[in-house]
**Student:** 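Here it is, the structure, as structure tokens.
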Amino acid sequence: MQTPVRQDLSALAGAGPALIAAGQSGTLLSSSDEGRSWTDVSCGAEADLRGVALREDGEGIAVGLGGTVLCSRDRGQTWEAGPGLEDLCLEAAAVDAEGRFLALALEGELATLQGATWVRREIPGRHPRALCARGGIVAVGDGDGRIHTSRDAGASWESHSTGSGRSIRALWLGPAGQAIAAGDGGFLAVSEDEGRTWTRPSLRSDQQRHALWGDDQGSIWCVGAGPAFRSTDGGKSFAKVPVQAGDAPLEGPWEKVPVRGKFRGLWVEGPGRVVLVGDGGSVAWTRDGGQTWEKSAYEDGGPLIAVWARGEEILAVGGGIAQIRSTDGGHRWFDVTGTPGGSSVHGQGAGRAFAVLDGRVCRLSAEGYRWIALEAPREQRLSAVWTGAERLAVAVGRRGTIVRTVDDGATWEAVESGSSRDLSAIWGRGDELFAVGGMTLSDVLRSRDGGATWEVLAQVSGSLRSIWGDEGGALWACGMGGALLRSTDGGRTWRGEASGTWGTLFEVRGSGAEMWALGENVLLRRRPGDTHLSRGAAGGALRGA
């Protein structure tokens, strides 16, 4: 669901239908309808907020860096500064059995708010980050995989090891002495005796976990990087749950296409006609939709990152010493002189092409044997380029950088993008262009005048690496965590489709209604006519999301 802010969100708490969320740069959000809609209620604080807690009577607290403490008396709708803890880095907040607010400090302290005064007590262990309170017990997880519990508001502690040695990022206390801990390296452990002894459920994931929650009816959720996990038997076993893309089963419309090799760049020139480039200067191409492949390799090519093709001409760039070109469909290759660090290449035929090499935009020379570095105005490194009709070309890069030429690179202008995120991809048709990029949150940008002006259409969770449009007017994007997204309203809203992987998808490309996506050790195809969304678990996760 889209919220009114672009900052990363790191903490969430609720009581009844009321929810509050907090994040970077003092961001605070409030919902009164169980999260269906959100209002920005930030109060001017500048510090990153790391923890929130909300009582049933409507009083709430948010804590963060620099000892920042904010208080609310109306279920998070308005906020004001509370009694601070200036010398502490506050990582989490909770409410104890007496209704008192607790704040956990990375420096190894637990602070209890009594009236308008904090009572501070030391916690054993190093770098505690996880905090939970229930039924008279306060539990803290530290950076060495140890759990510390107290029954007297932190005056005394009982400490036990989970046996992992990994930093604990999340804790949940359930009924009858149950405790769940999760954290770095995919760590997840369960205790039935208030944390004294621990068992490890079998999981096939080593990605970091950030948060835990349970409903006291046997369902427990664990989320973080990569897939979510859910237990329906009180923590005895956990199963992966697809979230947008993830590793949902590929029951359609996408299918895996077998191909050997580690490839990073993808180009689709026509139905069933695909070119791949990758490690060791390797190139593979098919003209029959992947039933058969032809392969070649250019020894000095190094790791190839991006490719563009038109007819028999193929250009490829990457991290090696040589950027390469073929004029016979990939059978023979020759050097195109240029610097290493190629990240993007795009052209319009007849030898007219642009590339991004070592963060700079370059143009292919008339004879086709060298890349000419161009003097484009920029403050940040560029990452991707798109070549338009006539003499137009547009490049995007870090911190929302966009540069544009209308005379084939002779002169360039810097364009205001409206985004501060690292833009990683650009695609266009005619005068309508789209760009995407970001880390934990990606912006989707659109221009309707050949890149002269831009607007931010949407923010999408995750890091997007590529964008493309099909003949039917749909837009496609892909990125880290197996994200594979589709928009049918011009980029304003997006829905995920099952990709079958949690690895990074590097590029999505298409021809007509046939779409392809390339990722880490996976090549996917979506055939014409497969317009329905994936069935089964993926569809349920999308509706839930």
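Heavy atoms only: backbone and side chains are in, while hydrogens, waters and symmetry mates are out.
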**Student:** Quick one: does Val396's side chain get under 4.5 Å of Ile402's, heavy atoms only?
**Tutor:** yes
**Student:** Please determine whether ring-ring contact (aromatic ring centres under 6.0 Å, His included) holds for the pair Trp468 and Trp267, giving the CA-CA distance in whole Å, both sets of side-chain angles, and the decisive distance to 0.1 Å.
**Tutor:** CA-CA 11 Å; Trp468 196 263; Trp267 187 261; 5.6 Å; yes
**Student:** Assess whether a salt bridge exists between Asp335 and Arg370, defined as any Lys/Arg side-chain N lying under 4.0 Å from an Asp/Glu carboxylate O.
**Tutor:** no
**Student:** Output yes when Arg352 and Asp408 qualify as a salt bridge under the 4.0 Å nitrogen-oxygen rule, no when they do not.
**Tutor:** yes
**Student:** Just wondering, more than 12 heavy atoms not from Arg399 lying within 6.0 Å of its CZ?
**Tutor:** no
**Student:** Flag the pair Glu255 and Arg527 as a salt bridge only when some basic side-chain nitrogen lies within less than 4.0 angstrom of an acidic carboxylate oxygen.
**Tutor:**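 A salt bridge links Glu255 with Arg527.
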**Student:** One thing to verify: whether Arg264 and Glu507 come together as a salt bridge, which I'm taking to mean a side-chain N less than 4.0 angstrom from a carboxylate O.
**Tutor:**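 A salt bridge is absent here (no side-chain N lies under 4.0 Å from a carboxylate O).
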**Student:** More than 12 non-hydrogen atoms from neighbouring residues, nucleotides or ligands closer than 6.0 Å to CZ on Phe334, yes or no?
**Tutor:** yes
**Student:** Minimum heavy-atom separation for Trp427 and Ile467, please, with both atom names.
**Tutor:**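 Residues Trp427 and Ile467, closest heavy atoms: CB-O, 3.4 Å.
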**Student:** CH2/Trp293 to CG/Leu523 distance, rounded to the nearest 0.5 angstrom?
**Tutor:**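 So the CH2 of Trp293 and the CG of Leu523 are separated by 5.0 Å.
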**Student:** Counting only heavy atoms not in Arg429, do more than 12 fall under 6.0 Å of its CZ?
**Tutor:** yes
**Student:** May I ask you to check whether over 12 heavy atoms, not counting those of Glu367, lie within 6.0 Å of atom CD?
**Tutor:**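 Yes, enclosed.
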**Student:** Does NZ belonging to Lys295 count more than 12 external heavy atoms closer than 6.0 Å?
**Tutor:** yes
**Student:** Do other residues, nucleotides or ligands put more than 12 heavy atoms under 6.0 Å from the CZ atom of Arg360?
**Tutor:** yes
